[in-house]
Each structure stands twice: as structure tokens, then as C-alpha cells.
**Q** 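One structure follows; several queries about it will come next.
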Amino acid sequence: MTDNNSTKPARWRIILDTVSALAMTVAAIVVTALGVRLLWAPASGAAQGGNEAPLPKTPVRLEGAAIKGRTDAPLVLLEYSDFQCPVCRRFAVDVLPTVESRYLASGKVEFAFRHFPLQQIHEHAMAAAKAAECARQQGKFWPMHDLLFADQERLNAEHLTERANRLGLDLQAFGSCVESKAEAAVAQDIAAGRALELHGTPTIFIGLNDQIRGARLIKRFSGMPPLEQLTVAIDEALRSILPSQDRSPTSTPNSK
């Protein structure tokens with residue numbers, strides 16, 4: 001005769017083991033999903049989706065921004081960035097070169113860079129931004145931009161000066177700029193970013209270029225979008241405006 005009572009513990013163990021395995025599977029799926037989301041999320045935890053501020057109804061001025069590409073391009077890609085932000089580095093290293101070769105080289109897009117150092121969490125971000133501004137005073141913003149993102153672990157004063165020296169800058173003028181002039185330029189960018197209700201870096205905007213009034217922003221990315229998503233958005237914007245635009249811009253590229 002079979003003792004039904006003796007089989008109950010075994011059955012419960014099977015049930016508990018099954019439930020435990022299911023729970024572990026669900027947890028793994030959740031962790032994987034979060035990992036994928038965090039891959040593209042900004043280091044500062046920028047607002048996503050419905051929490052984003054509305055785009056301004058009036059064009060934003062680009063004066064003071066570091067510009068790469070033709071200033072008469074029909075489209076503007078505007079980035080607010082932080083040199084100590086790891087996600088900003090990924091954008092600079094993994095995304096921007098493709099955007100540059102695909103869109104800037106053809107004169108279809110102008111790239112504008114503004115500083116938004118997150119000083120509460122990145123202690124060297126302001127110093128790095130000031131160094132980039134002072135390199136800009138000597139026509140070397142973009143080479144300094146690349147050197148700063150190349151090594152985010154070394155952004156203290158000594159290493160910033162070493163980068164300036166590597167670029168052949170006048171070190172006396174560079175040091176004077178860092179001490180006196182650069183912070184005001186960075187502060188202007190921060191104020192412009194706050195006016196757009198930025199929550200983190202990188203924040204990237206696509207805008208229609210009006211050389212007189214500025215850029216009319218039509219799309220915001222809070223965080224680094226995948227390259228494919230960004231290029232789709234750029235292509236859609238270009239298709240909407242290129243028929244009425246000169247496809248062969250003639251102004252001189254600006255890459256200071």
C-alpha cells in the first residue's frame with residue numbers, strides 16, 4: 001500500500017523548486033532588460049519619455065556654441081555634454097564620427113556643442129570644460145575635445161595642461177584663460193541648458209537651421225540614442241526640408 005502522506009513533502013519540493021526556477025528566470029529577464037536600457041541611459045539619470053520638458057516654440061541661438069560643419073547646413077545637431085560623463089564619451093567616440101562622415105561632410109548637418117558639466121557628480125567636469133574653451137581661443141577646440149574624451153580618468157589640472165602642451169598651445173595664454181575667462185563662457189552654456197530644462201548629459205537636439213534666428217528644435221534625445229535611431233531621425237528631418245533647400249552649401253566649414 002502506498003503511503004500518500006510520504007509523497008507530499010516530495011511534491012512540495014518539486015513545486016517549490018519550479019517556483020524558484022521561474023523566479024530566477026524572471027529576475028534574469030528583468031536584469032537583462034535594465035542592462036539594455038542603462039546602456040543608452042545618461043550617466044546623470046536624465047528624464048525619459050513623458051517626463052521630458054516640451055521643446056521651445058521659438059528658435060534657440062547658437063552663438064557661443066562650438067561649431068563643426070557648415071553653418072548654412074539645413075539641419076542642426078545640438079549636443080549638451082560633460083567631458084567626465086561616460087555616456088558622453090560613447091557618443092563622441094562611437095556615434096559622432098559616423099554623423100560627421102555621413103552628414104557634416106556633405107553639408108547637410110551642422111553640429112553644435114555646448115557645455116553642461118554636472119559638477120555635483122563629476123568633480124573635474126568644469127575644469128575640463130574650461131580647458132576646452134581655452135583651447136578654442138587658440139583654434140584647437142575639437143582636438144582638445146577628442147583628447148579629453150580619450151582619457152576621462154585624467155582630468156586634473158596637471159593633465160589638462162599636458163594636453164594643452166601636446167596640442168602646441170601657448171601655455172601662458174592657456175593658463176591665463178583658465179583662471180579668468182573660460183568660466184563665463186561655460187556658465188553661458190549652462191544657463192542655456194537650464195533654460196531648456198536639461199536633466200542630464202548627453203542631451204541631444206535636432207533642429208531646423210535658421211541662420212538669422214537660430215535653430216528651431218524639433219526633437220530631443222535625453223541620453224545617447226542608438227546610432228540607427230539617431231540617423232533615422234536625421235534622415236526624416238532632412239526629407240522634410242531638403243526639397244526646398246540648396247543641396248550644395250557653399251559657406252566655409254567651421255570646426256574651431
Side-chain angles (χ1 to χ4, degrees), residues 42 46 53 55-56 58-83 85 87-93 95-117 125 128-130 132-137 139-146 148-149 182 184-198 200-225 227 230-231 233-234 237-238 241 245 249 251-256:
L55 293 170
T58 57
V60 300
R61 308 297 297 181
L62 298 179
E63 286 88 349
I67 300 297
K68 178 178 282 194
R70 294 184 180 274
T71 57
D72 63 349
L75 212 64
V76 173
L77 195 65
L78 170 63
E79 180 195 13
Y80 281 83
S81 187
D82 172 324
F83 284 112
C85 160
V87 186
C88 297
R89 180 186 183 278
R90 290 211 300 272
F91 178 81
V93 173
V95 176
L96 184 55
T98 299
V99 171
E100 185 171 357
S101 63
R102 188 177 299 181
Y103 299 106
L104 273 65
S106 64
K108 294 178 181 178
V109 174
E110 172 187 5
F111 181 68
F113 178 102
R114 285 201 186 277
H115 303 284
F116 201 71
K130 289 163 64 176
E133 279 302 306
C134 293
R136 183 181 178 186
Q137 295 298 313
K140 293 292 182 70
F141 177 87
W142 293 107
M144 179 63 83
H145 166 280
D146 295 345
L148 291 171
F149 277 129
V186 177
Q188 288 180 354
D189 280 2
I190 293 173
R194 287 176 177 165
L196 293 171
E197 300 185 47
L198 265 63
T201 56
T203 298
I204 299 162
F205 297 92
I206 296 175
L208 307 181
N209 195 4
D210 183 326
Q211 296 179 68
I212 298 175
R213 296 183 300 165
R216 181 165 68 84
L217 304 183
I218 59 174
K219 190 169 186 62
R220 174 199 302 250
F221 294 99
S222 294
M224 187 183 84
L227 176 60
L230 180 61
T231 57
I234 293 174
L238 287 171
I241 59 176
Q245 296 285 341
S251 69
T252 302
N254 185 334
S255 59
K256 292 184 179 180

**Q** Quick one: CG on L227 to CZ on R102, what's the gap to the nearest 0.5 Å?
**A**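 It comes to 6.0 Å.
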**Q** Once rounded to the nearest 0.5 Å, what's the spacing between atom CE of M224 and atom OG of S81?
**A**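 The distance works out to 11.5 Å.
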**Q** Might you point out which heavy atoms bring L77 and V99 nearest each other, and give the distance in Å?
**A**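 Taking L77 first and V99 second, the nearest heavy atoms are CD2-CG1, 3.9 Å.
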**Q** Using 30° and 60° as the class boundaries, would you call the ring planes of F149 and F83 parallel, tilted or perpendicular?
**A**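 Answer is tilted, since the angle falls between 30° and 60°.
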**Q** Donor-acceptor pairs under 3.5 angstrom involving side-chain atoms of residues 186-196: please list them, not counting sequence neighbours.
**A**
residue, atom, partner, partner atom, Å
D189, OD1, R114, NH1, 2.7
D189, OD2, H115, N, 2.8

**Q** Which heavy atom in D82 sits nearest to a heavy atom in F116, and how many Å separate them?
**A**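 For D82 versus F116, the nearest heavy atoms are CB-O, 3.8 Å.
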**Q** Working to the nearest 0.5 Å, report the span between OG1 of T98 and CG of L104.
**A**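 Here the interatomic distance stands at 11.5 Å.
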**Q** Please examine the side chains of C85 and T201, heavy atoms only from C-beta on, and report whether any two atoms are closer than 4.5 Å.
**A**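 Yes. Closest side-chain heavy atoms under 4.5 Å.
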**Q** Measuring from F113:CZ to L96:CG, what's the distance to the nearest 0.5 Å?
**A**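 Result: 10.0 Å between the selected atoms.
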**Q** With R61, which residues qualify under side chain to side chain donor-acceptor pair (under 3.5 Å), at least two apart?
**A**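 By the side chain to side chain donor-acceptor pair (under 3.5 Å) rule, R61 matches E63.
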**Q** Given the rule in the side-chain contact (heavy atoms from CB on, under 4.5 Å) test, do F205 and V60 qualify, once you have shown the distances and angles that lead to the verdict?
**A** CA-CA 11 Å; F205 297 92; V60 300; over 6 Å; no
**Q** How far apart are the C-alpha atoms of W142 and F111, what are their side-chain angles, what is the distance that settles it, and do they pass the side-chain contact (heavy atoms from CB on, under 4.5 Å) test?
**A** CA-CA 12 Å; W142 293 107; F111 181 68; 3.5 Å; yes
**Q** CD1 of I204 to NZ of K219: how many Å apart, nearest 0.5 Å?
**A**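 Those atoms lie 12.0 Å apart.
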**Q** Would you confirm whether N209, through its side chain, and T71, through its main-chain N or O, come within 3.5 Å as a donor-acceptor pair?
**A**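 The answer is yes, because a donor-acceptor pair under 3.5 Å joins these two groups.
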**Q** Taking all atoms of both residues into account, what is the closest heavy-atom pair of A128 and L148, and its distance?
**A**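 So the two residues come closest at O-CD1, 3.5 Å.
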**Q** Which atoms form the tightest heavy-atom contact between A135 and M144, and what is the distance?
**A**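 Heavy-atom minimum between the residues: CB-CB, 3.6 Å.
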**Q** Can you name the nearest heavy-atom pair linking E197 to R220, along with the distance?
**A**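 Minimum heavy-atom contact is O-NH1, 4.0 Å.
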**Q** Between P97 and A92, what is the shortest heavy-atom contact and its length?
**A**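 Taking every non-hydrogen atom into account, CD-O, 3.3 Å.
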**Q** Could you check if a side-chain atom of L75 sits within less than 4.5 angstrom of a side-chain atom of Y103, using non-hydrogen atoms only?
**A**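 Heavy-atom side-chain distance check fails, nothing below 4.5 Å.
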**Q** Given side chains that start at C-beta, do those of L62 and E110 come closer than 4.5 Å, heavy atoms only?
**A**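 A side-chain contact under 4.5 Å exists here.
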**Q** Going through the checks in order, is the salt bridge (charged side-chain N to carboxylate O under 4.0 Å, His left out) test met by E133 and R136?
**A** CA-CA 5 Å; E133 279 302 306; R136 183 181 178 186; 3.3 Å; yes
